[in-house]
Amino acid sequence: SSSDYMYINNYADYWNTPQSFQVLFDTGSANLWVDSIYCSTQACNAHTKFNPQQSSTYSANGHTFYLPYGAGSLYGTFGYDTVNVGSIVINHQEIGLSTNEPGQNFVVAKFDGILGLSYPSISAGGETPVMDNMISQNLLSANIFAFYLSRGGQQGSVLSFGGMDTNLYQGQIYWTPVTSESYWQIGVHGFEINGRETGWCSQGCQSIVDTGTSALTAPSQLIGHIMQAIGAQESHYGMYMVDCSQLNNLPTLSFVISGVALPLAPSAYINQHYQNGHQFCSVGITPTYLPSRNGQPLWIFGDVFLREYYSIYDRTNNRLGFASAA
Amino acid sequence: GIVRIPLRKHKSMREALREKGIELPYQDPALKYQPDEF
């Protein structure tokens, strides 16, 4: 009953013979990798493994990589193969084959790999991301992808390549330029609590829009102020809790982006848990102690934000669009 | 011209580990964006 979730696709196929994998679509990284037969750690053994010997189209390139994701890391080796993502067939796509996934974190992951959707400048090993190969191979009707993340059950979320789904959002799309063509990073020009401007981003803030992060992440220097406004108390392991009976009295938080305030109601940023018949309410906002690359305070718009806003990633114009999710 | 890929929602790794009684210590989410420093 928690709303601390990740969104994972059906599968991507590797030819030929097809091998299918569930991957996490991650706008916060750029590489594609999958578990492989070269890895025998507990995390790898818990997942479907790619066997390049069963693919007549696979070729190795000999380069190795290390990818830290914060919540897990891996080592691997790069190769090329034909990749089918939702019926889009990409030739000669660089893929990472894991050789070592240490620790426990990936053991419980429901995905066999990660498909990064950010810009090539942050790609480990300089490998070409899937989206860039889609663009260069003219596989898309428009160089756009868009995420709809369902607020409800396990089903219903959609990633669209080549355009946006007008039935998955309502109202106007608000566009804002990408400020650093590395991550899907944008400027945040204001932060409001119950419609009142705090001034905390008056000197400018940055935000990375990241489907691979579940929480909304706030700059550490602001987290105390935000939790005070919410009336949250710090619990164990960095979690902040609120009295569930007060949910209707919690403030609406809004981000001002390119002159438009995008609100988050309490229902968006509060996770409700049930344990032994008791209800607990935690705040889906965590701190980060690292600034953005330009030194401005950094937010991360994870799934807590993206469940409320349909997000459109426009590589042609290097801009991000947000509209109220349907 | 639009290719739609249905996504399935799963619990995050932190939440899945918590259900197994393993509580991950706080880890800065932005470490993901600092591979050199990491």
Side-chain angles (χ1 to χ4, degrees), chain A residues 2 4-10 22 25 28-29 66-72 85-88 104-106 108-111 122 124 140-142 147 149-150 153-165 183 208 210 212-215 217 236-238 286-290 298 300 302, chain B:
Chain A
S2 164
D4 186 11
Y5 291 112
M6 309 304 290
Y7 296 81
I8 297 166
N9 89 313
N10 265 354
Q22 296 199 33
F25 282 103
S29 66
Y66 169 67
L67 284 171
Y69 287 99
V85 182
S87 79
I88 302 172
Q104 287 288 309
N105 293 7
F106 282 142
V108 297
K110 296 294 185 185
F111 52 80
I122 59 150
L140 302 173
S141 52
F147 275 89
L149 301 187
S150 162
Q154 191 183 39
Q155 313 285 339
S157 302
V158 179
L159 165 60
S160 306
F161 280 104
M164 51 200 127
D165 252 313
Y183 300 96
I208 292 174
D210 186 355
T213 294
S214 56
T217 302
H236 56 306
Y237 302 110
T286 57
T288 177
Y289 295 85
L290 298 170
L298 178 68
I300 302 170
Chain B
I2 300 177
V3 173
R4 296 172 182 85
I5 299 174
L7 307 178
R8 273 185 282 161
K9 187 158 76 170
H10 293 281
K11 288 178 177 166
S12 69
M13 288 189 288
R14 177 177 292 275
E15 190 69 17
L17 286 168
R18 182 175 293 143
E19 289 186 350
K20 289 178 171 286
I22 302 169
E23 194 69 51
L24 288 180
Y26 168 78
Q27 193 157 27
D28 197 316
L31 281 175
K32 176 182 176 182
Y33 314 125
Q34 309 273 337
D36 296 339
E37 289 81 353
F38 192 93

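By convention in this document, chain letters (A, B, ...) are assigned in the order of the sequence lines, proteins followed by strands, and residues within each chain are numbered from 1. Quick caveat: nothing in here was measured; it's all calculated off a predicted structure.
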Under a 4.5 Å heavy-atom cutoff, which of [options] has the most pairs with chain B?
| options | result |
| --- | --- |
| A:S29, A:P287, A:G302 | A:P287 |
| A:G28, A:A142, A:G162 | A:G28 |
| A:L140, A:L298, A:L67, A:D165 | A:D165 |

Is there side-chain contact between [X] and [Y], with at least one heavy-atom pair below 4.5 Å?
| X | Y | result |
| --- | --- | --- |
| A:Y183 | A:I122 | yes |
| B:M13 | B:L24 | no |
| A:V85 | B:V3 | no |

Next item on the list: Counting only heavy atoms closer than 4.5 Å, note whether A:T288 contacts chain B via side chain, backbone, both or neither.
Entry: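 The answer is both parts of A:T288.
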Next item on the list: Please look at A:L159 and chain B and tell me whether the side chain, the backbone, both or neither of the residue comes under 4.5 angstrom of a heavy atom of that chain.
Entry: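 Both backbone and side chain.
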Check: Between the main-chain N or O of A:G163 and the side-chain N or O of A:S160, is there a donor-acceptor pair closer than 3.5 Å?
Finding: no
Next item on the list: Say whether, by atom type as modelled, one donor and one acceptor occur between the side chain of A:S141 and the main chain of B:G1 under 3.5 angstrom.
Entry: yes
